[in-house]
Protein chains: 2
Amino acid sequence: MTSTDTTSPQGEVALLGRPTRQQATVLQALIDREDFVSAQVLHARLISAGTRVGLTTIYRTLTALVEAGLADTMRDPEGERLFRHQPGPDHRHYLRCRTCGRSVPVDSGLVETWADRIATSSGFTQVAHTVELTGICADCTQSAPTA
Amino acid sequence: MTSTDTTSPQGEVALLGRPTRQQATVLQALIDREDFVSAQVLHARLISAGTRVGLTTIYRTLTALVEAGLADTMRDPEGERLFRHQPGPDHRHYLRCRTCGRSVPVDSGLVETWADRIATSSGFTQVAHTVELTGICADCTQSAPTA
DNA sequence: CAAGATTTGGCAATGGTTTTCATCTCAGAC
DNA sequence: GTCTGAGATGAAAACCATTGCCAAATCTTG
């Protein structure tokens, strides 16, 4: 209350061994975003929102989130890493709009099956896959028909 | 006509408008590699092989090769760009060994179909996809069973 | 052989990500 | 409440792949 509100409501997340305000803030920001963001953008957002947090911590936390399975990661065409909160335990794939940047999760059951089959027929083990889909969403297609 | 021919001994490749020794060297090195390489590694290889060529030229040529459809590109987990010669016109997908780095092309017909279907059902247009498969190849699995 | 245009490649600049390390914070002990 | 040590933070520097810049080298044509 009157003291520094360390804001530790209910289920705190201890990503690096100890739950901290910064980690909770980053996770919350990622959840609110509901879409892929770069560490840089997320940092800028938090700063301009008045939250004092270092870029290093953002990177550390995001990396920990990915390792903990709480976030998905992908790379945009320029090689920048993007992160997105992942509610469930199983990994997802997304279709991302090249114009507005929005992304929607897609059903990837077929891909999973396909990947498994490839693994079997090739003799490879521990096969992991990354699928990145990009396109122009309906809205953006209408806005610029003659792209 | 040996005169009108734009200096093409045996099918020279003119990526930037004019066929040059460096461009041919880079392309040949990429073909010989038969697998994904980074620009840096390709450069190191050529240098240690006695070929004098600048890193800048490697990048320029590789980029041109990709644009010309003669090379595939992907990013390794660290975000570095990798290039691989592509004999055919249609694009391929590869399964890459995380241990030895070798990669093999895989049949991706199902993925193509899947991607198209996603595009249709989502309302997105101009959907492009990138698929990256990694695993441990049979040889490496035997070498280190308890990985 | 000279003029003009294109390519090359060393070097500096860019920019995202990681490392370093001194400082700060919190949980538990006293 | 205070002390204390392990762990977390973050500003700045280090990294490193990639790109931009531009003078020198090379090829084409007249």
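Remember, it's a predicted structure, so these values are computed and weren't measured experimentally.
Going from atom CD of B/Glu80 over to atom P of C/dG16 covers 18 Å, rounded to whole Å. Across the protein-nucleic acid pair, A/Arg21 atom CZ and D/dG7 atom C1' stand 16 Å apart, rounded to whole Å. Atom CD of A/Glu78 is separated from atom C1' of C/dT14 by 14 Å (rounded to the nearest Å). Between the P atom of C/dT17 and the CG atom of B/Asp76 lies a distance of 14 Å, rounded to the nearest Å. At whole-Å resolution of the value, CZ in A/Arg75 and C1' in D/dA17 are 11 Å apart. Atom-to-atom, CG of A/Leu62 to P of C/dG16 comes out at 15 Å; the value is rounded to the nearest Å. Nucleotide C/dT23 holds its P atom 15 Å from the CZ atom of A/Arg52, rounded to whole Å. Look at NE2 on A/His43: it is 13 Å from P on C/dG16, rounded to the nearest Å.
For A/Ser48 (side chain) and A/Ala44 (main-chain N/O), a donor-acceptor pair under 3.5 Å exists by modelled atom type. Formation of a donor-acceptor pair under 3.5 Å by the A/Arg96 side chain with backbone atoms of A/Phe36 is not found in this model.
Shown are A/His43, A/Arg21, A/Gln28; of these, the side chain to side chain contact (heavy atoms under 4.5 Å, CB included) with A/Thr51 is made only by A/Arg21.
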Below 3.5 Å is the cut-off: list the nitrogen or oxygen pairs between protein and nucleotides 19-26 of chain D, distance only.
unit_1 : atom_1 : unit_2  : atom_2 : d
D/dG20 : O6     : B/Thr56 : OG1    : 3.4

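Classification of the B/His129-B/His93 ring pair by plane angle, with boundaries at 30° and 60°, yields tilted.
Taking the side chain of A/Val53 as heavy atoms from C-beta on, and the options D/dG10, C/dA27, D/dT18, the nearest nucleotide is D/dG10.
Contact between the side-chain N/O atoms of B/Thr20 and the OP1/OP2 oxygens of C/dT7 is not found at any separation under 4.0 Å. Distances shorter than 4.0 Å separate none of the side-chain N or O atoms of A/Gln40 from OP1 or OP2 on C/dG15. Checking the phosphate oxygens (OP1, OP2) of C/dT7, no side-chain nitrogen or oxygen of B/Gln22 falls inside 4.0 Å. Between B/Gln23 and C/dT8, a side-chain N or O to OP1/OP2 separation shorter than 4.0 Å is present.
Sorted by first then second residue, the salt bridge (charged side-chain N to carboxylate O under 4.0 Å, His left out) pairs that include residues 37-61 of chain B, not counting sequence neighbours, number zero.
Taking CG of B/Leu82 as the start and CZ of B/Arg33 as the end, the distance is 9.5 Å to the nearest 0.5 Å.
With sequence neighbours excluded, the residues satisfying side-chain hydrogen bond (donor to acceptor under 3.5 Å, both in side chains) with B/Ser103 are B/Asp35, B/Arg84. Here B/Thr125 pairs with A/Thr141 under the side-chain hydrogen bond (donor to acceptor under 3.5 Å, both in side chains) rule; sequence neighbours left out.
Overall bending of the helix from C/dC1-D/dG30 to C/dC30-D/dG1, expressed as the angle between end axes built from five pairs apiece, is 10° (10° steps).
Within the hydrophobic cluster formed by Ile, Leu, Val, Met, Phe, Trp and Tyr side chains joined at under 4.5 Å, directly or through other members, A/Ile136 stands alone, with no partner residue.
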